[in-house]
Amino acid sequence: LIYTAKKAIADEHLEDFIGHFFNVENDFRIGISSKYDSLHQVHLAVKEAIYANTVSIIKKENCLYFDETASDHLLCPLCYDPWTQRYYGGMYQKLGLESEGNGALLETLTAYVESGGNIGLTSKTTYQHSNTIRYRLSKIKTLLEMEDESTFFTQMYLFVNLHKIYQLLDPIFKDK
């Protein structure tokens with residue numbers, strides 16, 4: 001949906017406007033771009049809306065404005081940059097995720113990031129013992145040659161979010 005008007009509509013009215021056309025309950029996800037003054041910028045608005053929608057799916061939020069996407073504000077537009085792909089691909093390869101048996105590492109890592117680095121919560125959400133979580137995280141740190149805990153979490157946050165972004169955006173933008 002592309003909305004254009006001579007006078008900008010207030011954000012709270014925009015959500016009401018969207019609600020008239022779409023059932024915004026439950027699993028509905030929508031991304032809303034920034035406001036632009038020129039039709040020459042429609043391509044930017046469309047990309048921002050796609051990125052905001054991607055993040056709304058990842059964060060499980062019904063409606064998300066592009067300006068509310070936090071660090072994903074950078075990750076989505078840069079995910080197909082060669083440097084970003086090299087970073088992601090290098091970590092993916094070091095973790096051996098192309099192998100069948102390493103899916104548990106990615107599942108653990110994703111839960112760890114989603115729980116804000118809380119091992120107890122990671123343990124609960126994955127139905128694994130906390131020692132299993134610690135072992136897997138230790139294995140990941142060894143594979144990636146990372147010692148510092150804050151650097152580790154930051155790197156894993158970026159990696160996991162890039163992984164989710166690629167899963168959602170690859171069908172749309174890959175090789176285009």
Student: Who are the side-chain hydrogen bond (donor to acceptor under 3.5 Å, both in side chains) partners of T132, not counting sequence neighbours?
Tutor: none
Student: Go through it in stages, so that I can follow the logic: the residues are L169 and C79, the test is side chain to side chain contact (heavy atoms under 4.5 Å, CB included), and I'd like the CA-CA distance, side-chain angles, deciding distance and then a yes or no.
Tutor: CA-CA 9 Å; L169 290 183; C79 72; 4.1 Å; yes
Student: Checking one residue: L64. Which other hydrophobic residues are in its cluster under the side-chain 4.5 Å linking rule?
Tutor: V55
Student: So which of T110, V113, L95 actually passes side chain to side chain contact (heavy atoms under 4.5 Å, CB included) with F159?
Tutor: L95
Student: Near Q93 CD, under 6.0 Å, is it more than 12 heavy atoms from other residues, nucleotides or ligands?
Tutor: no
Student: Got a second to check how far N118's CG is from Y112's OH, nearest 0.5 Å?
Tutor: 9.0 Å
Student: Which residues satisfy the side-chain hydrogen bond (donor to acceptor under 3.5 Å, both in side chains) test with H129, sequence neighbours excluded?
Tutor: none
Student: Run the ring-ring contact (aromatic ring centres under 6.0 Å, His included) test against Y51 and tell me which residues pass, sequence neighbours left out.
Tutor: none
Student: Report the hydrophobic cluster partners of L44, with the cluster defined as I, L, V, M, F, W, Y residues connected by side-chain heavy atoms closer than 4.5 angstrom, directly or transitively.
Tutor: Y36
Student: Show me the pairs that pass salt bridge (charged side-chain N to carboxylate O under 4.0 Å, His left out) and involve residues 46-57, at least two apart or across chains.
Tutor: none
Student: Mind checking what makes side-chain hydrogen bond (donor to acceptor under 3.5 Å, both in side chains) contact with Q155, not counting sequence neighbours?
Tutor: Y87
Student: In residues 137-147, what donor-acceptor pairs under 3.5 Å come from side-chain atoms, sequence neighbours left out?
Tutor:
unit_1	atom_1	unit_2	atom_2	d
K141	NZ	E149	OE1	2.4
T142	OG1	S138	O	2.9

Student: Does the ring center of Y80 lie less than 6.0 Å from the ring center of Y166?
Tutor: yes
Student: Return each pair, listed once, that meets salt bridge (charged side-chain N to carboxylate O under 4.0 Å, His left out) where at least one residue sits in residues 154-167; pairs must be two or more places apart or across chains.
Tutor: E114-K164
Student: Can you tell me how far the CG atom of N62 sits from the CD1 atom of I57, to the nearest 0.5 Å?
Tutor: 11.5 Å
Student: Please identify each residue that fulfils side-chain hydrogen bond (donor to acceptor under 3.5 Å, both in side chains) with Y88, with sequence neighbours left out.
Tutor: H163
Student: With D148, which residues qualify under side-chain contact (heavy atoms from CB on, under 4.5 Å), at least two apart?
Tutor: S150, T151
Student: Which residues pass the side-chain contact (heavy atoms from CB on, under 4.5 Å) test with L75, not counting sequence neighbours?
Tutor: D72, L158, N161, L162, I165
